[in-house]
Amino acid sequence: MPSHADASAPASVLPGADRRVAPRLPNGGAGRRHSSRPDGSRGGRVLVLENDGPESPADRLDEEFDVALRLRGPVDLEALPAVLAQYQPKLLLLKQSLDAADARLIAACRAHRVPILVLARPVYGLLRPARLRRHGGLPWFQLRSGPLTTADMWAKRGLDLALILLAAPLLMPLLLLLGAAVAVTGPPLYVQTRVGTGGRLFRLVKFRTMHVDAESATGPTLAAADDDRITRLGRLLRRTRLDELPQLWNVVRGEMSLVGPRPERPEFVGELCRLQHYHLRHLIRPGLTGIAQLTGGYAATAEDKLRCDLLYLHCRSLRLDLGLLLLTIVELCRGFPRG
């Protein structure tokens, strides 16, 4: 990698100083040099990726770590493996948006066994303090870079089925009551094709909340918070999310999980795939509830929902699932004020 001083010479240790010359990456992202304290009072060596501008919050990472290099702005991902090989950091600290956690960045860090910590944003409070670490005066969380292991998948599946079995005595009478109420104006259930794990299609079932044949004139249309196609009872069911309860059948069948990204209709997936990293949502089973539902509701934009889904994808655990389910129960009692 070329140095600041000589574009043709490789980066190296400067004579008489225990510090490295920061390389200039091909995309122009500049590196700032830092040296270790001679008393060794700081932790391991780290690399910091931050925004190029005043929006990047100040930190005190230099007091805690040997910050070997700070890279500002978009990072040339082709050059990143060489940077990781040269500096051999203990951590990579990402002060940029979670969207910057490109699959190539994650793959490079995995190949060099470098954990990635991402700066936590306000919405990440759903992760609970146990998931967050404090470094340099700022909160961080660690990305889960790899796919679910077989043990993880079976544990998540077991948790789903165990919770449904435990709740069945309460849920069955409620399902029958709601089904009878919806049946007064037509068929109680509404079946719709959705995109699940690996892009596979499945038939999602829910209580009907719209008028019969609501899309006969408009075709497939995304639901809105104040959709005039929704019935009076349907509005109540949507506000309380009780219209989603029949999807427990999809969970039992293994097409969904209790917690995960909400499955989308195939008519919209083609358009939504223009969003960077949208395809990553399909790496895990879709869910009944998730971070996006607890923070934005129907009014959230596709971009906001995707950020929440990526957050869950990178931080998923059984403990997080239980926390999100408890928050969902609280929101059920409040009536989901966010719509």
Side-chain angles (χ1 to χ4, degrees), residues 97-107 109-110 115-116 118 120 123-124 126-128 131 141-164 192-206 241 244 247-266 268-270 272-296 300 302-328:
S97 167
L98 186 64
D99 300 348
D102 185 275
R104 290 174 295 172
L105 182 148
I106 294 174
C109 289
R110 287 185 65 195
I116 303 172
V118 177
V123 68
Y124 302 170
L126 287 175
L127 298 179
R128 299 298 190 184
R131 297 288 301 179
F141 70 91
Q142 182 172 341
L143 291 191
R144 179 170 185 165
S145 57
L148 281 174
T149 65
T150 301
D152 289 335
M153 290 189 290
W154 279 109
K156 185 173 174 65
R157 177 76 174 141
L159 177 65
D160 288 342
L161 295 177
L163 292 177
I164 291 175
Q192 199 174 64
T193 301
R194 297 291 179 100
V195 180
T197 314
R200 292 186 292 272
L201 302 181
F202 70 97
R203 303 286 283 174
L204 176 144
V205 59
K206 60 191 298 185
R241 301 301 193 270
E244 312 286 1
Q247 288 163 44
L248 292 171
W249 174 243
N250 294 113
V251 177
V252 171
R253 286 172 54 88
E255 298 161 333
M256 292 179 62
S257 177
L258 291 177
V259 180
R262 286 296 298 160
E264 194 50 81
R265 299 172 68 174
F268 305 131
V269 167
L272 292 171
C273 278
R274 62 181 172 79
L275 300 175
Q276 189 179 23
H277 307 319
Y278 185 84
H279 66 284
L280 296 178
R281 300 173 78 255
H282 300 143
L283 292 177
I284 56 178
R285 286 192 182 99
L288 272 166
T289 188
I291 296 177
Q293 289 67 48
L294 291 167
T295 58
E303 291 80 4
D304 289 338
K305 291 178 182 178
L306 178 57
R307 291 189 189 98
C308 292
D309 292 338
L310 291 176
L311 174 62
Y312 176 76
L313 178 69
H314 289 309
C315 301
R316 60 194 183 275
S317 68
L318 295 184
R319 181 175 180 177
L320 178 58
D321 281 6
L322 288 172
L324 293 175
L325 287 170
L326 289 174
L327 287 172
T328 300

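Bear in mind the structure is a predicted one, so any value in this text is a computation, not a measurement.
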Checklist line | Whether Lys206 side chain and Gln192 backbone form a donor-acceptor pair below 3.5 Å | finding: no
Notebook entry, point to check: Taking all non-hydrogen atoms of both residues, which atom of Pro286 and which atom of Val195 are closest, and how far apart?
Noted result: CG-O, 4.5 Å
Check: How long is the gap from CG on Leu163 to CG on Leu248, to the nearest 0.5 Å?
Finding: 10.5 Å
Margin query: Looking at every heavy atom in both Leu159 and Leu322, which two are closest together, and how far apart are they?
Written below: CD1-CD2, 4.0 Å
Notebook entry, point to check: Say you draw a straight line from OG1 of Thr289 to CG of Leu325; how long is it, rounded to the nearest 0.5 Å?
Noted result: 7.0 Å
Next item on the list: Locate the shortest heavy-atom distance separating Phe141 from Leu311; write the atom from each residue and the value.
Entry: CZ-CD1, 3.4 Å
Next item on the list: Decide yes or no on side chain to side chain contact (heavy atoms under 4.5 Å, CB included) for Tyr278 and Val269, but give the supporting numbers first.
Entry: CA-CA 9 Å; Tyr278 185 84; Val269 167; 4.3 Å; yes
Next item on the list: Give a yes or no answer on whether the side chain of Arg194 reaches the backbone of Pro263 with a donor-acceptor pair at less than 3.5 Å.
Entry: yes
Notebook entry, point to check: Taking C-beta and beyond as the side chain, do Val259 and Leu288 meet within less than 4.5 Å on heavy atoms?
Noted result: no
Notebook entry, point to check: Should the pair Arg157-Asp160 be classified as a salt bridge under the 4.0 Å nitrogen-to-oxygen rule?
Noted result: no
Margin query: Using side-chain heavy atoms (C-beta onward) and a distance below 4.5 Å, is Asp152 in contact with Lys156?
Written below: no
Item checked: Beyond-backbone contact of Leu272 with Arg281, side-chain heavy atoms, under 4.5 angstrom -> no
Check: If you measure from CG on Leu143 to CZ on Arg110, what distance do you get to the nearest 0.5 Å?
Finding: 12.0 Å
Item checked: Any side-chain heavy-atom pair of Gln293 and Leu324 under 4.5 Å -> no
Notebook entry, point to check: Less than 4.5 Å apart, any side-chain heavy atom of Arg307 and any of Asp304?
Noted result: yes
Next item on the list: Kindly indicate whether the side chain of Leu258, heavy atoms from C-beta on, has any atom under 4.5 Å from the side chain of Asp321.
Entry: no
Notebook entry, point to check: Does Arg203 offer a backbone N or O that forms a donor-acceptor pair with the side chain of Asn250 under 3.5 Å?
Noted result: yes
Notebook entry, point to check: Tell me, which pairs form a salt bridge (charged side-chain N to carboxylate O under 4.0 Å, His left out) where one or both residues lie in residues 284-294, sequence neighbours left out?
Noted result: none
Check: About how many Å separate CG of Leu201 and CZ of Arg265, when rounded to the nearest 0.5 Å?
Finding: 12.5 Å
Next item on the list: Using side-chain hydrogen bond (donor to acceptor under 3.5 Å, both in side chains) as the criterion, list what pairs up with Arg262, not counting sequence neighbours.
Entry: Glu244, Gln247
Checklist line | Taking every non-hydrogen atom, the tightest pair across Pro266 and Thr193 | finding: CD-O, 3.2 Å
Notebook entry, point to check: Which atom names give the shortest non-hydrogen contact between Tyr312 and Gly260, and what distance separates them?
Noted result: CE2-CA, 3.9 Å
